Number of protein chains: 2
Amino acid sequence: MERIETGAAIFWEGDAADHVFAVVEGVLRIHKLLPDGRRVITGFIYPGDLVGISLRDRYLYTAEAVTPTRFRRFGRNRFQEEINKSPELRPQLFARLCDEMAAAQDQMVLLARKSAEERVASFLLIIANRLAGDQRSPVIDVPMTRLDMADYLGLTIETVSRTMTKLASRGVIAPCGRHAVTIRKLEMLALLAGESDEDDNRWTSNTYTQQAVWPH
Amino acid sequence: MERIETGAAIFWEGDAADHVFAVVEGVLRIHKLLPDGRRVITGFIYPGDLVGISLRDRYLYTAEAVTPTRFRRFGRNRFQEEINKSPELRPQLFARLCDEMAAAQDQMVLLARKSAEERVASFLLIIANRLAGDQRSPVIDVPMTRLDMADYLGLTIETVSRTMTKLASRGVIAPCGRHAVTIRKLEMLALLAGESDEDDNRWTSNTYTQQAVWPH
DNA sequence: CGTCCATTTGACCTGGATCAAGCTATGTGG
DNA sequence: CCACATAGCTTGATCCAGGTCAAATGGACG
């Protein structure tokens with residue numbers, strides 16, 4: 001089990017992709033940079049998730065700790081073999097990849113067509129959902145900074161801040177310090193997020209993958 | 001082998017996901033709709049690609065023909081078995097999923113941070129690359145309409161049109177009728193697309209997956 | 001307490017959206 | 001073979017959501 005502090009990277013975009021990592025505790029951000037420095041966070045990694053799977057010989061993105069993070073490391077080849085051998089792990093990995101693809105498509109919808117308010121509302125619902133297994137409380141943990149949120153949502157830090165303030169002033173959410181929020185009106189938030197076909201249970205059961213126990 | 005005409009759908013978002021499809025000829029667009037009708041095209045499917053793989057019992061998107069399309073249909077269960085049995089097909093499918101994931105992440109970068117001009121330039125390079133196997137010519141086929149391009153790039157039809165006109169007036173591209181374009185200055189186009197770290201060979205060899213022969 | 005960031009708030013600006021005509025290839029049927 | 005319908009595309013004029021720049025404000029930690 002390895003451990004890194006907030007801000008440290010497990011690997012960088014372009015590093016030789018020799019390992020796969022399983023996060024045990026903490027949150028990571030996955031990002032890509034354009035040559036001029038524009039940053040896009042393509043996802044956040046929570047405990048139980050894997051990072052670094054790819055076919056290329058180099059990582060296509062950087063993985064950094066949003067909070068202090070503990071993780072396990074697997075040799076790339078050993079990981080591949082293990083997956084290939086186990087008729088139990090294999091479909092679990094496949095399931096992960098499919099879920100990840102579905103999330104990526106939802107993110108494309110968000111980035112291509114949603115307004116700033118819809119993006120922020122969607123984001124709050126997404127992270128509320130990530131935690132849903134652990135806890136069922138209207139108080140959700142927001143470990144990332146406003147800049148992380150902005151780079152994930154394709155907005156600026158100022159727009160994220162203004163939008164959060166507006167949601168709070170309308171009583172939809174209530175800030176609990178910098179890194180937590182109380183959701184006061186869940187239905188309203190789902191409505192503001194767009195894609196809510198009212199009786200939509202997407203936000204209460206959206207993952208079909210169970211907790212996997214990765215090798216070792 | 002089945003066949004559909006331009007505009008027809010193979011399946012709709014929300015349909016029972018009972019089959020997987022392999023496109024043999026033609027081009028499909030994959031899209032998702034927000035409840036108010038905003039459309040996002042999350043990808044285009046070319047001959048040799050698969051569509052409809054998912055773990056959910058419903059498709060998460062609609063697949064429609066951009067051009068007349070011929071495709072093969074596989075029962076979902078039979079497809080899963082076939083993949084699971086074959087130690088040859090399995091890594092190929094895995095490779096596809098990884099490539100698709102990499103493309104999705106590039107698209108998130110495009111949608112989150114690129115300007116209209118960068119988006120259009122990136123798009124032209126992407127489709128030029130899709131065809132690269134078939135032909136090596138500066139004349140690239142653009143089977144989709146301006147509206148399809150707009151909904152893929154998170155822009156409006158007007159902005160796509162204006163941007164194409166501007167690229168043409170600068171001699172970077174030259175229109176060849178509505179559905180083809182000559183690339184006059186490939187380096188310039190790559191530069192305008194952003195992410196060009198000059199000596200970047202991303203655009204000449206970006207796929208590690210070979211042509212797979214899907215079952216049947 | 002003071003320093004240092006993260007965040008909020010305010011004022012202004014702009015790229016791309018929106019609204020509104022024209023234009024151009026295909027048909028199509030007389 | 002030619003009007004003329006039609007759907008896709010281009011072009012122009014105006015608008016505005018969110019970006020940019022700048023200045024407080026606030027909280028965590030020595």
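Reminder, nothing fancy here: chain letters follow the sequence lines and each chain counts from 1. Keep in mind that what you see is a predicted model, and the values were worked out from it rather than measured.
Residues A/Ile4 and A/Glu64 fail the side-chain proximity criterion, which asks for heavy atoms closer than 4.5 Å.
Smallest separation of non-hydrogen atoms from A/Leu34 and B/Arg113: CD1-CB, 4.3 Å. The nearest pair of heavy atoms linking A/Leu147 to A/Arg39 is O-NH2, 3.8 Å.
Atom CG of B/Leu147 is separated from atom P of D/dA7 by 14 Å (rounded to the nearest Å). Atoms CZ (A/Arg38) and C1' (D/dG19) sit 14 Å apart, rounded to a whole Å. Per the geometry, CE belonging to B/Met144 stands 15 Å off P belonging to D/dG8, to the nearest Å. Separating the CG atom of B/Leu111 from the P atom of C/dG16 is a distance of 13 Å, rounded to the nearest angstrom. Remark: P of C/dC23 and CZ of B/Arg146 are 19 Å apart, rounded to the nearest angstrom. Counting to the nearest Å, the C1' atom of C/dT8 and the CD1 atom of A/Ile157 are 10 Å from each other. Residue B/Leu153 contributes atom CG, which lies 16 Å from atom C1' of C/dG15 at whole-angstrom precision. Rounding to whole angstrom units, CD of residue B/Glu118 and C1' of C/dG16 are separated by 14 Å.
Counting any heavy atom pair closer than 4.0 Å across all strands shown, A/Leu155 reaches sugar-phosphate atoms only and no base atom. Among the heavy atoms of the strands, none lies under 4.0 Å from B/Gly7. Residue B/Thr156 is in base contact, counting any heavy-atom pair closer than 4.0 Å across all strands shown.
A donor-acceptor distance shorter than 3.5 angstrom exists from the side chain of B/Lys32 to the backbone of B/Leu60, with no hydrogens or angles considered.
When the nucleotides D/dG18, D/dT11, C/dT7 are ranked by their closest atom to the side chain of B/Glu158, D/dT11 comes out on top. Comparing D/dG18, C/dA17, D/dC9 by their nearest atom to the side chain of A/Thr159 picks out D/dG18.
Shown here is A/Arg184, whose CZ atom has no more than 12 heavy atoms of other residues, nucleotides or ligands within 6.0 Å. Counted within 6.0 Å of CZ on B/Arg76, heavy atoms from surrounding residues, nucleotides or ligands total more than 12; the atom is thus considered enclosed.
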Begin with the C-alpha distance, continue with both residues' side-chain angles, and end with the deciding distance and a verdict on side chain to side chain contact (heavy atoms under 4.5 Å, CB included) for B/Met188 and B/Leu186. CA-CA 5 Å; B/Met188 176 60 73; B/Leu186 183 58; over 6 Å; no
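If you check residues 160-181 of chain A against DNA chain C, the residues with a heavy atom closer than 4.0 Å are A/Ser161, A/Arg162, A/Thr165, A/Arg178, listed by number.
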